[in-house]
Amino acid sequence: MTQVRVRFAPSPTGLLHIGGVRTALFNWLFARQQKGVFVLRIEDTDQSRSTDESIQAIIEGMKWVGLDWDEGPYRQTERMDLYRSHAMQLLEKGRAYWCACKAEELDARRKEAEAKGLSPKYDGRCRDRGLTNQAGDAALRFKAPQEGETVVDDLIKGKIVFDNNVQDDLIILRSNGYPTYNFSVVVDDALMNITHVVRGDDHLTNTPRQVPIFQALGFPVPQFGHLPMILGSDKARLSKRHGATSIMAYKDMGYLPDAMVNYLVRLGWSHGDQELFTRQELIEKFSWKNVQTSAAVFNPEKLLWVNEQYIKKSDPKQVAMLLWPHLKQAGLEDTEEYKKEPLASALQYGEPTEWLVNLVVMVRERTKTLLETVHWVRPYFGQTVTFEDEAAKKFLTPAIAPIVGKLLTRFEAFPAFSKQQWEGAFKQLVEEEGVKMGQLAQPVRVALTGRTASPGLFDVMEVLGRDRTLFRLRQGIERAFHT
RNA sequence: GUCCCCAUCGUCUAGCCUGGCCUAGGACGUCGGCCUUUCAAGCCGGCAACACGGGUUCGAAUCCCGUUGGGGACACCA
């Protein structure tokens with residue numbers, strides 16, 4: 001059994017798209033499962049649209065989402081000699097010919113054909129002219145078979161039959177000497193010994209163009225697999241108008257890489273009723289036969305739910321580390337608490353403090369993204385609290401100040417914080433005063449966090465610690481007299 | 001226009017290959033309830049789908065044909 005070799009071959013013409021990540025993911029899963037090789041190849045033969053920034057964006061995105069590659073990144077622009085020499089081979093074999101038609105002429109003829117309701121394919125006028133490329137401005141065309149059929153046995157869609165008479169002679173070398181996509185992929189996939197070409201559905205009709213080129217070059221034809229597309233809510237191909245499509249935008253919005261992977265893989269693949277998978281499980285359970293044949297609509301709400309599950313169930317240390325950059329972005333880096341985070345500025349190293357980890361555990365039940373986590377975690381940074389006006393106005397009133405004062409006195413009597421002890425004191429006071437739990441709890445909550453919603457009061461005190469709890473209680477009482 | 005792909009709740013999907021176990025299961029969302037010091041979480045329950053029409057068969061979501069609908073491709077883009 002030969003070793004499985006797969007590849008992800010994006011073109012660097014923009015940010016790394018969610019659809020691209022999913023394609024990469026299926027390839028990666030298959031490679032890891034089969035103990036094969038995952039190749040990253042940058043298809044940058046369109047020099048007018050390719051940029052180095054895009055290459056960086058692809059690499060950054062792949063790394064963030066944890067899809068590591070074994071070979072590459074290769075760049076097609078560094079392999080020009082290979083494409084040219086193989087193109088010349090085809091010319092020598094009589095499987096290619098020079099075409100002197102100008103781009104504008106072809107354009108005009110295509111439009112004309114379309115207007116007449118004919119197929120817009122190349123009319124083959126240079127096919128038998130035996131031209132040479134003396135002027136150096138001709139394009140080289142592949143002599144595509146015009147008879148018979150090309151059969152593709154797709155890993156996902158099954159057997160597909162294409163009539164060869166609908167294929168035209170595609171250009172393999174542009175007049176500027178650069179190869180075109182359909183040619184460079186074939187040369188690369190062949191030379192890189194790619195065994196399984198797995199890509200988006202939109203490439204399905206490229207397959208019957210590419211297969212004859214493999215054959216003409218004398219290369220074995222790889223297995224093909226075509227993944228269904230990802231659609232927007234209106235069932236049109238997913239694009240920016242449906243919202244964020246770049247993978248890094250999701251990082252910025254506070255999504256976890258594992259959550260993205262989990263959501264994306266379930267978009268078109270399933271394993272019974274299971275919704276959540278570890279990476280190891282995905283690698284073990286992945287199978288082509290469970291890949292969906294039809295397109296899927298991207299659903300941001302379900303993605304949000306998956307992310308929420310990961311925030312809740314992942315190792316809180318991991319979550320805390322992923323939280324660091326967001327804390328900084330939120331302007332919390334000047335607080336004492338942030339400064340205690342050992343390596344928050346070099347987030348790839350070290351571990352978060354126990355304090356932060358506990359904080360994450362305390363708030364994670366109520367956050368769906370890391371951005372929300374930041375919001376919930378914010379009151380615990382810094383000595384003083386920022387009151388939300390509405391909250392203070394409603395709960396920190398002169399009427400309530402005395403009882404909060406009594407609570408403060410009792411707490412002050414304790415030399416250290418003890419959840420059990422303090423909660424007992426709190427409940428006793430509530431009973432003595434004959435008030436409802438909430439009548440005291442809400443003012444205290446506002447005093448401690450500045451807001452009307454928070455985790456359990458005594459968890460809050462624990463994270464705050466004795467001194468800050470007392471400090472904020474005093475602060476709250478003071479505020480109460482000023483309302 | 002030509003070629004190709006696809007079709008189960010609003011959405012992601014299980015079931016389809018190997019027809020009966022399907023009065024079609026799960027998940028997201030949504031609606032209602034329980035729990036509760038707030039906000040969540042959690043738990044329980046409700047609503048909700050086999051695109052349509054023909055066949056084949058004792059029996060079809062499952063097999064076949066057609067229709068309709070959706071998507072993709074037809075570049076010196078990838």
Side-chain angles (χ1 to χ4, degrees), chain A residues 9-13 43-46 48-50 99 101-103 106-107 110 113-122 137-141 152 154 157-158 160-163 165-168 170-176 178-182 184-185 200-209 226 228-229 231 233 235-237 263 266-276 289-290 292-306 308 312 363-368 376 391 395 426-427 430 436-442 444-446 449 451-458:
Chain A
S11 59
T13 54
E43 311 224 320
D44 58 349
T45 56
D46 181 357
S48 64
R49 297 201 304 153
S50 300
C99 171
C101 301
K102 296 277 170 264
L106 292 167
D107 236 37
R110 193 176 308 117
E114 266 173 42
K116 285 182 192 160
L118 297 169
S119 154
K121 74 180 223 179
Y122 176 63
D137 63 351
L140 191 66
R141 280 185 190 273
V152 178
D154 195 273
K157 312 249 183 196
I160 307 165
V161 180
F162 299 89
D163 271 338
N165 60 31
V166 298
Q167 304 300 332
D168 60 359
L170 64 257
I171 288 178
I172 56 177
L173 236 45
R174 294 182 253 244
S175 50
N176 66 7
Y178 276 69
T180 55
Y181 163 77
N182 276 306
S184 53
V185 244
D201 225 352
D202 47 340
H203 286 292
L204 190 55
T205 51
N206 278 326
T207 311
R209 302 159 203 276
H226 292 274
M229 306 261 78
L231 274 25
S233 50
K235 308 247 178 171
R237 198 197 186 114
Y263 176 71
R266 279 286 288 104
L267 209 53
W269 175 84
S270 60
H271 186 264
D273 288 338
Q274 191 171 349
E275 296 287 349
L276 270 12
K289 85 172 199 299
N290 293 322
Q292 198 74 5
T293 49
S294 53
V297 173
F298 181 80
N299 183 348
E301 260 137 26
K302 183 134 185 191
L303 168 61
L304 192 60
W305 176 80
V306 172
E308 180 189 346
K312 274 202 270 273
V363 303
R364 66 179 173 180
E365 292 298 323
R366 47 217 104 201
T367 71
K368 296 181 203 294
W376 275 83
F395 293 107
F426 186 99
K427 285 186 171 154
V430 164
K436 280 188 199 148
M437 192 72 174
Q439 284 179 282
L440 183 56
Q442 280 307 81
V444 169
R445 190 184 314 282
V446 175
T449 68
R451 326 215 267 227
T452 54
S454 83
L457 270 189
F458 303 96

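Scope of the values below: all heavy atoms of this structure, side chains included, with no hydrogens, waters or symmetry mates.
Using N1 to N3 plus N6-O4 or O6-N4 for Watson-Crick, or N1-O2 and O6-N3 for G-U wobble, each under 3.5 Å, B:G32 pairs with B:C44. For B:U68, the paired nucleotide is B:A7, the pair qualifying as Watson-Crick or G-U wobble because both relevant distances are below 3.5 Å. In this structure B:C39 sits in no base pair that meets the Watson-Crick or G-U test at under 3.5 Å. Of the nucleotides present, B:U2 is the one that pairs with B:A73 by Watson-Crick or G-U wobble criteria, both distances under 3.5 Å. Shown here, B:U23 forms no base pair; nothing in the strands shown gives a Watson-Crick or G-U wobble contact with both key distances under 3.5 Å. Partner assigned to B:C63 is B:G55, using Watson-Crick or G-U wobble distances below 3.5 angstrom.
Checking the phosphate oxygens (OP1, OP2) of B:U38, no side-chain nitrogen or oxygen of A:Arg451 falls inside 4.0 Å. Using a 4.0 Å cut-off, some side-chain N or O of A:Gln292 falls inside it from OP1 or OP2 of B:A14. Residue A:Lys427 has no polar side-chain atom (N or O) positioned under 4.0 Å from OP1 or OP2 of B:U37.
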Below 3.5 Å between N/O atoms, which protein atoms pair up with nucleotides 46-53 of chain B? Just atom names and distances, please.
none

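When heavy atoms are screened at a 4.0 angstrom cut-off, A:Lys121 is found touching no nucleic acid atom at all. Heavy atoms of A:Arg237 sit under 4.0 angstrom from primed sugar atoms or phosphate atoms, though from no base atom. Using a 4.0 Å heavy-atom distance criterion, A:Thr180 is classed as a sugar-phosphate-only contact.
Remark: the backbone N or O of A:Pro455 is paired with a side-chain donor or acceptor of A:Arg445 at under 3.5 angstrom. Distance alone, capped at 3.5 Å, is enough to place a donor-acceptor pair between the A:Lys121 side chain and the A:Asn165 backbone.
Residue A:Ser270 comes nearest to A:Asn290 through the heavy atom pair O-CB, 3.2 Å, listed as atom of the first residue, atom of the second, then distance.
A:Leu204 has its CG atom 6 Å from the C1' atom of B:C5, to the nearest Å. Spacing between atom CD of A:Glu301 and atom P of B:A27 amounts to 17 Å, rounded to whole angstrom units.
Here CG of A:Leu304 is found 11.0 Å from OH of A:Tyr263. Values are rounded to the nearest 0.5 Å.
Geometrically, A:Arg141 engages A:Tyr122 in a cation-pi contact, judged by NZ or CZ lying under 6.0 Å from the ring centre and within 45° of the ring axis.
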